[in-house]
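These notes concern the structure reproduced below.
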2 protein chains.
Amino acid sequence: MKLRRDPFQAIADPTRRAILVLLAAQTMTAGAIADNFATARPTISKHMQILSECELIEASQQGREIFYQLRADKMKDIDQWLGQFRKIWESRFDQLDNILSNLQTKKDEA
Amino acid sequence: MKLRRDPFQAIADPTRRAILVLLAAQTMTAGAIADNFATARPTISKHMQILSECELIEASQQGREIFYQLRADKMKDIDQWLGQFRKIWESRFDQLDNILSNLQTKKDEA
DNA sequence: TATATTTGTAGCCAAATAGCTACATAATCA
DNA sequence: TGATTATGTAGCTATTTGGCTACAAATATA
């Protein structure tokens, strides 16, 4: 196992996912972000570091505060990987599944 | 840290992502999948287990062979989470970024 | 300037992860 | 039936991970 630091590994952790969701609403300081979690502040700080390394967020210092901002465009990398499968789950095979389960539903209702 | 077994953790590993991509093209036996990797077969077997637990793939035994099939619909879970950010990266803020970089490009070309 | 505030860093730890080899199990084939 | 094939399981290991406490550094405030 070698050290990985890619967006897929970054969003594997639920705390980091929650941080990204927080930052989707607004830019926040390190402290404000940490206040949303029971986890110790240095632990959150480490998460911010990981997210920064993946360029999923961006830090900008203002005085003694550091504001973190989401870089949603980087999430596109994940989105693009998912794209390979999108055509499959939107395909007629899935649609056939839907037809079958609709028929089932109608049978249940009858 | 507690044991997590969700699709986000599942796709964090590059080998597992490669397995999913393989299965996007066609259903394959455990052996055929393992043949695509330098990794030992039992290791791949463990990956299959993890993907199965997350319901990203489905196993069906046929004789002594086990065929694995992608369950693309489960990938929608990840897609839906990403959806929260999609509106951001498609927003006017990103478009503004594009306008600015286009202007920059034009300046460079001039 | 002394104190408080905001944040990161160092160093430690338990648990999880991905990997391996050896072995078990079950289904074909000769 | 005995050998071969396909696959999973057991058990071990090194590395990574997420978490914590204590400390350092830098900026603001009294």
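Bear in mind the structure is a predicted one, so any value in this text is a computation, not a measurement. Letters A, B, ... mirror the listed sequences (proteins, then strands); counts begin at 1.
Checking B:Glu65 against B:His47, the closest nucleotide of DNA chain C that is more toward the 5' end is the one next to B:His47. Where B:Ala30 and A:Gly63 meet DNA chain D, the nucleotide closest to each residue was compared, and B:Ala30 sits on the side nearer the 5' end.
At a cut-off of 3.5 angstrom, the base of C:dT6 holds no donor-acceptor pair with the side chain of A:Arg64. A donor-acceptor contact under 3.5 Å is formed by the side chain of A:Lys46 with the base of D:dG19.
Going from atom CZ of A:Phe67 over to atom P of C:dT6 covers 11 Å, rounded to whole Å. The interatomic distance linking B:Phe8 (CZ) with C:dT17 (P) rounds to 16 Å, in whole Å. In this structure, B:Glu53 places its CD atom 14 Å from C1' of C:dA16, rounding to the nearest Å. When the P atom of C:dG8 is taken as reference, atom CG of A:Leu51 falls 12 Å away, rounded to whole Å. Counting to the nearest Å, the C1' atom of D:dT7 and the CZ atom of B:Phe37 are 17 Å from each other. Put simply, CD on A:Gln49 is 15 Å from C1' on D:dT16, counting in whole angstrom units. Look at CD on A:Gln62: it is 11 Å from P on C:dT7, rounded to the nearest Å. Here the P atom of nucleotide D:dT7 and the CD1 atom of B:Ile19 are 13 Å apart, to the nearest Å.
Of all non-hydrogen atoms in A:Ala59 and A:Ile66, the two that sit nearest each other are CB-CG2, 3.9 Å. Heavy atoms only, all atoms of each residue included: A:Phe85 and B:Leu20 are closest at CE2-O, 3.5 Å.
Contact between the side-chain N/O atoms of A:Ser45 and the OP1/OP2 oxygens of C:dG8 is found at a separation under 4.0 Å. B:Thr43 has a side-chain polar atom (N or O) that falls below the 4.0 Å cut-off from OP1 or OP2 of C:dC20. Put simply, B:Arg41 has no side-chain N or O that comes within less than 4.0 Å of OP1 or OP2 on C:dT21. Put simply, B:Thr29 has no side-chain N or O that comes within less than 4.0 Å of OP1 or OP2 on D:dA6.
The side chain of A:Thr15 sits closest to D:dG19 out of C:dT9, D:dG19, D:dA10. When distances are taken from the side chain of B:Arg16 to each of D:dA10, D:dG18, C:dA18, the shortest belongs to C:dA18. Taking only side-chain atoms of A:Ile66, from C-beta outward, the nucleotide of D:dC20, C:dG19, C:dT7 with the closest atom is C:dT7. Closest contact between the side chain of B:Asp13 and the listed nucleotides D:dG8, D:dG19, C:dA18 involves C:dA18.
Side chain of B:Arg16 to backbone of B:Ala10: a donor-acceptor contact under 3.5 angstrom is found.
No engagement by A:Gln61 is indicated, since no non-hydrogen atom pair under 4.0 Å with the nucleic acid exists. The residue B:Tyr68 sits close only to the backbone: its heavy atoms come under 4.0 Å of sugar-phosphate atoms, none of a base. Residue-level contact check: B:Gln9 touches the backbone only, with heavy atoms under 4.0 Å from sugar-phosphate atoms and none from bases.
Residues forming a side chain to side chain donor-acceptor pair (under 3.5 Å) with B:Arg86 (at least two apart in sequence, or on another chain): A:Asp79, B:Asp79.
With a 4.5 Å cut-off on side-chain heavy atoms, B:Trp81 and A:Val21 count as touching. B:Tyr68 places none of its side-chain heavy atoms less than 4.5 Å from the side chain of B:Leu51.
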